[in-house]
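I have placed the structure first, in the form of C-alpha cells, so that the comments after it can refer back to it.
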Amino acid sequence: MRFSKAYIPTTKEAPKDAQLPSHIFLSRAGFVTQVAAGLYNFLPMGKRVLRKIENIINEEMAACDAQEVDLSFVTPAELWEESGRIEKFGKELLRFRDRKENLFVLGPTHEEMMVNIVRNRVNSYKQLPMNLYQIKTKFRDEARPRFGLMRGREFVMKDGYSFHSSTEDLDREFDAMEAAYKRILERLGLNFRIVEADSGAIGGTGSKELMVLAGSGEDTLAVCDTCEYGANVEAARRAPRSTFPEAPSADFARFKTPDIKSIDDLSNFFHVDPYYTLKAVVQRAVYTEGSELVCFFIRGCDELQEVKARNSVGAIDLVDATEAELTEIGLLPGFIGPLDQDKIRIVMDNDTRGATTMITGANEADYHFVGVDLSVMNEAHFADLISVQEGDGCPHCGGKILHTKGIEVGHIFKLGTVYSAPLKAEFLDENGRSQPFIMGTYGMGVSRLVAAVIEQHHDEKGCIWTHATAPYLVNVMVSNIKEESHMAYAEELYASLQSRGIEVMLDDRKERFGFKMSDAELIGFPFTVIVGKELENGLVQIMVRSTREMITVNAADVLTKIEELRQ
RNA sequence: CGGGGCGUAGCUCAGUCUGGUUAGAGUACUUGGUUUGGGACCAAGGGGCCGGAGGUUCGAGUCCUCUCGCCCCGACCA
C-alpha cells in the first residue's frame, strides 16, 4: 500500500474521551473511530489487524478440526425464552420487533442458536464429537461500556461450541481447546496467563480464563511466583498455612469487651493475633425468588471473597446487610458469633473447621467468648470463602502468591448439559437411549485482543504491534520524495518486499521527515526503513519500533536484514 | 441504575460567571511560494443549526425549564 493513497487519519491529539493507551493510540493512529457509547468503526488499519487475528484463530481451529459456521446475528426471542436466559440477561439483550411484530434479540453469545442448529440434525453418538465456531459481531447493551474497545457494546467474538457423548470426551476437547488458545496467544506475541476461573451460577465442572497481563486489566489475578499456577481472585485457592502465630491459652469463658467491635480492637484488647479471632460478615443473599440474611464466618486475618460467598449459598447477588436488618433479628454488630444462636443461616470458611482457642462474638452486647473450640460446629455448612492475599502460599508448589492485573481475552468452559437439557438437544447413545449433548464452550474476544495488544505493547510515541498483529510489517519511508534516486530505490525495495510476501507500506507522502517519523511511530509498524540522505553513501536505516533502535545497513542488504530481524 | 463532569469548526479547546458589532484560537484541509533527517515558514482561502426543544429578553453560545448524547466513579458485566 502507498501511504499517499491510504486512509489513515492520524491526529496529534487524542479524543478527550479516551483514557486508556489502547483507546488513545488506536484513535490517534487512525485504526478506529467512535460512533456512540461502546460502538466503534474499524478503519482500514484496524480492519487489517482484526483480520490478522481472525486468520490465526481460523488456522488453529482448523488444526483442531473445528468447523467454522456463521449464525444469524438477529435471533428469535423464543429461543431465549426456551433457555430461560431472556430473563437472566435482562436489559443487556437488545430486543426489537420486526414488521410482523415478532420479537427478536441481537445475539450477545450464541449457545442457544448453536444448540438449535444441531438439535434434531445431529442425533447419533456416531456423529460426535463436533466442534462448531464462528467469528461474529456480538451485541450486549451493557449498562456502562468503557475503555474503548476493551468493553464495547458491539464487539467481535470468536465463539465455539463442542458437543460430546461423554464427559471424558469433553475433557479431552477442553484440553485441546486450551492448547489451541495458548498457541493463538503465543502466535499473537502476547504475554498471558491461563488461570482458573469462577464457574459461577452457570455451573458446569470447570472453566479457565485467558488473561493478557497488563496493568489496565479489569481482573485481578492471583499468580504463583514459582510455578504456572494462576487463578482469578474470584476462584483462587491457597495452600494450608504452614506456620501459625502463637496461640492464646485460655479456657472457654465469657469475657466483657466494652465497645470492642472490630477485629483490630479485639486483637489489641486480648493481645492475640487476628488469626485466632472470628470475623462475621452478614450479607443479604438475593435469589431468583426471595432473599435471606446469611452470616459468613472467616478468620479475623482473612477477607471475604464475595463471589465465593455468593456461590456457597447459590445466590445471584449479595448486598451488605444494614444495621437495622441485623438488630431486627436480634443480632448485635460487633458481637456476632456462631455459638448459641439460631437467628441466621451460617456459612463457615473451610479454614475455621476444627479451630480451637478462638475468640468469637457472644451475641450479647459488650461480650466475647474466648477459648472457643469450633469443632462443635461440624454440622455447619463449610465452604471456601476467603480472598487469597499476596504472600499466601501457592496451592500447587508452595511458592508465593502475587497479585497482578489481566485483560480477559478468552474463557473456556465445560458446560455439560446446562443448555442441551432445557433445549432438549439430544442424541441416541450406543444403547439407543436419548441423552442430552455434553457441551463445552470456548470464547475469545477478537476486537478486545486488538486493544489488549496495545495495552501490553505501547510507549509514549504510540502503538508497538507484534509481528503477527501489525497491519504492515515494514514501512518504507522516503525522507524526501523529490529526490528521484531515493524514490527509485524505495520503489524497488517496495516491490521486492512485496514479491517476498512481506506486507509493506510505502510512505511516499510529500511530507517532512519528522512528520513521517512521528506517524510511523504512532502507527507502530514493527520496522521502518528510512530512505534518506545516507543513500548517497549506499546506506539506509531500519528503525526497530519496539526499541526505537536505528540500524544502519547497506542499501543492498535491507531484504536480508529484515528477514533476519523478523525471526 | 445512583453520584459527578462535559456538549462551540474534522480534532483539541477559549468565549458562558457578568446577555450586546459579523463567534474565536491552535491543529487539520485547499491554493501558491520558500523549506526538506524529528510533527517547518509566509501568504491567501473554505469550513459552525454554539447538541436539541421550549421559554425570558429589544437582543441568547451566554439566563431559565425540559430533553438527548458522551465521559468518569460506583452498582452491573456469558
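Heavy-atom basis, side chains included; hydrogens, waters and symmetry copies ignored. Just so we're on the same page: letters track the sequence lines, and every chain starts at 1.
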* Looking for any heavy atom pair under 4.0 Å, which part of the strands does A:Lys482 touch: base, sugar-phosphate only, or nothing? -> base
* Which listed nucleotide (B:C72, B:G26, B:C70) is nearest to the side chain of A:Glu13? -> B:G26
* If you measure from the Lys or Arg side-chain nitrogens to the Asp or Glu carboxylate oxygens, is any gap between A:Asp519 and A:Lys516 under 4.0 Å? -> no
* To do: Between B:A40, B:G37, B:C71, spot the one nearest the side chain of A:Gln19, thanks.
  => B:C71
* To do: Please work out if A:Ala36 contacts a base, only the sugar-phosphate, or nothing of the nucleic acid, heavy-atom cut-off 4.0 Å.
  => sugar-phosphate
* Sticking with atom C1', work out how far B:C17 lies from B:G61, rounded to a whole angstrom. => 14 Å
* Asked: Among B:C70, B:G38, B:C1, which nucleotide sits nearest the side chain of A:Arg144?
  -> B:C1
* Structure fact -> note: A:Asp507, atom CG; B:G37, atom P; distance rounded to Å ~ 15 Å
* **Rounded distance in Å between the C1' positions of B:C73 and B:G59** => 42 Å
* Asked: NA contact type, A:Asp159, heavy-atom cut-off 4.0 Å: base, sugar-phosphate, or nothing?
  -> nothing
* Could you tell me the separation between the CG atom of A:Leu535 and the P atom of B:G37, rounded to a whole number of Å? => 14 Å
* Scan A:Ala143 against the nucleic acid and name what it touches under 4.0 Å (heavy atoms): base, sugar-phosphate only, or nothing. => base
* Taking the C1' atom of each, how far is B:G33 from B:C71, in whole Å? -> 44 Å
* **From CG (A:Leu94) to CZ (A:Phe139), nearest 0.5 Å** => 5.0 Å
* **Atom pair distance, as rounded to whole Å: CZ in A:Phe3 and P in B:G39** => 17 Å
* Report the nucleotide, chosen from B:G37, B:C70, B:C77, that has the shortest atom-to-atom distance to any side-chain atom of A:Glu534. => B:G37
* Do you know which two heavy atoms are closest between A:Cys463 and A:Ile523, and how far apart they sit? -> CB-O, 3.4 Å
* To do: Using a 4.0 Å heavy-atom cut-off across all strands, classify A:Met157 as base, sugar-phosphate, or nothing.
  => base
* Structure fact -> Regarding the side chain of A:Lys533, the nearest nucleotide among B:U35, B:G37, B:C76 is B:G37
* Which nucleotide in B:C71, B:A40, B:C77 has an atom nearest any side-chain atom of A:Arg512 -> B:A40
* **Donor + acceptor pair across side chains of A:His411, A:Ser207 (<3.5 Å)** => yes
* To do: Please state how far atom CG in A:Leu522 lies from atom C1' in B:C11, giving the value in whole angstrom units.
  => 14 Å
* **Rounded distance in Å between the C1' positions of B:G19 and B:A23** => 14 Å
* In whole angstrom, give the distance that lies between atom CG of A:Leu43 and atom P of B:G10. => 17 Å
* Asked: Charged N to carboxylate O under 4.0 angstrom, A:Glu82 versus A:Lys424?
  -> no
* Answer with base, sugar-phosphate or nothing: what part of the nucleic acid does A:Glu521 contact at a heavy-atom distance below 4.0 Å? => base
* Identify the nucleotide, in any strand shown, that forms a Watson-Crick or G-U wobble pair with B:C1, with both distances under 3.5 Å; if there is none, say none. => B:G74
* From B:G38, B:C71, B:G74, pick the nucleotide closest to the side chain of A:Arg146? -> B:G74
* Provide, to the nearest angstrom, the distance between the CD atom belonging to A:Glu511 and the P atom belonging to B:G39. => 13 Å
* Integer angstrom distance from the C1' of B:G32 to that of B:U16 -> 40 Å
* Asked: How is A:Met543 classified with respect to the nucleic acid when contacts are heavy atoms under 4.0 Å: base, sugar-phosphate, or nothing?
  -> nothing
* Do other residues, nucleotides or ligands put more than 12 heavy atoms under 6.0 Å from the CD atom of A:Glu484? -> no
* Asked: Counting only Watson-Crick or G-U wobble pairs whose two distances fall under 3.5 Å, which nucleotide matches B:G54?
  -> B:C64
* Whole-Å gap separating P (B:G10) and CZ (A:Arg28) -> 20 Å
* Asked: Side chain of A:Lys12: nearest nucleotide among B:C72, B:U27, B:C70?
  -> B:U27
* Rounded P spacing from B:U57 to B:U62 in Å -> 16 Å
* Asked: Is A:Glu154 close to A:Lys138 at the side-chain level, that is, under 4.5 Å between some pair of heavy atoms?
  -> no
* Base, sugar-phosphate, or nothing: which does A:Pro15 touch, judged by heavy atoms less than 4.0 Å apart? -> sugar-phosphate
* Asked: With both distances under 3.5 Å as the test, what is the Watson-Crick or G-U wobble partner of B:G26?
  -> B:C11
* At under 4.0 Å between heavy atoms, what does A:Glu483 touch on the DNA or RNA strands: base, sugar-phosphate, or nothing? -> nothing
* To do: For A:Glu92, report the nucleic acid contact type (base, sugar-phosphate, nothing); a contact means any heavy atom under 4.0 Å.
  => sugar-phosphate
* Asked: Using a cut-off of 4.0 Å on non-hydrogen atoms, how would the nucleic acid contact of A:Glu209 be classed: base, sugar-phosphate, or nothing?
  -> nothing
* **Closest nucleotide among B:C71, B:C72, B:G39 to the A:Asp17 side chain** => B:C71
* Which is true for A:Lys16 with a 4.0 Å heavy-atom rule: it touches a base, it touches only sugar-phosphate, or it touches nothing? -> sugar-phosphate
* Between A:Glu234 and A:Lys308, is there a side-chain N and carboxylate O pair less than 4.0 Å apart? -> no
* To do: Would you mind telling me which residue lines up with the more 5' stretch of RNA chain B, A:Thr109 or A:Thr10, judged by nearest nucleotide?
  => A:Thr10
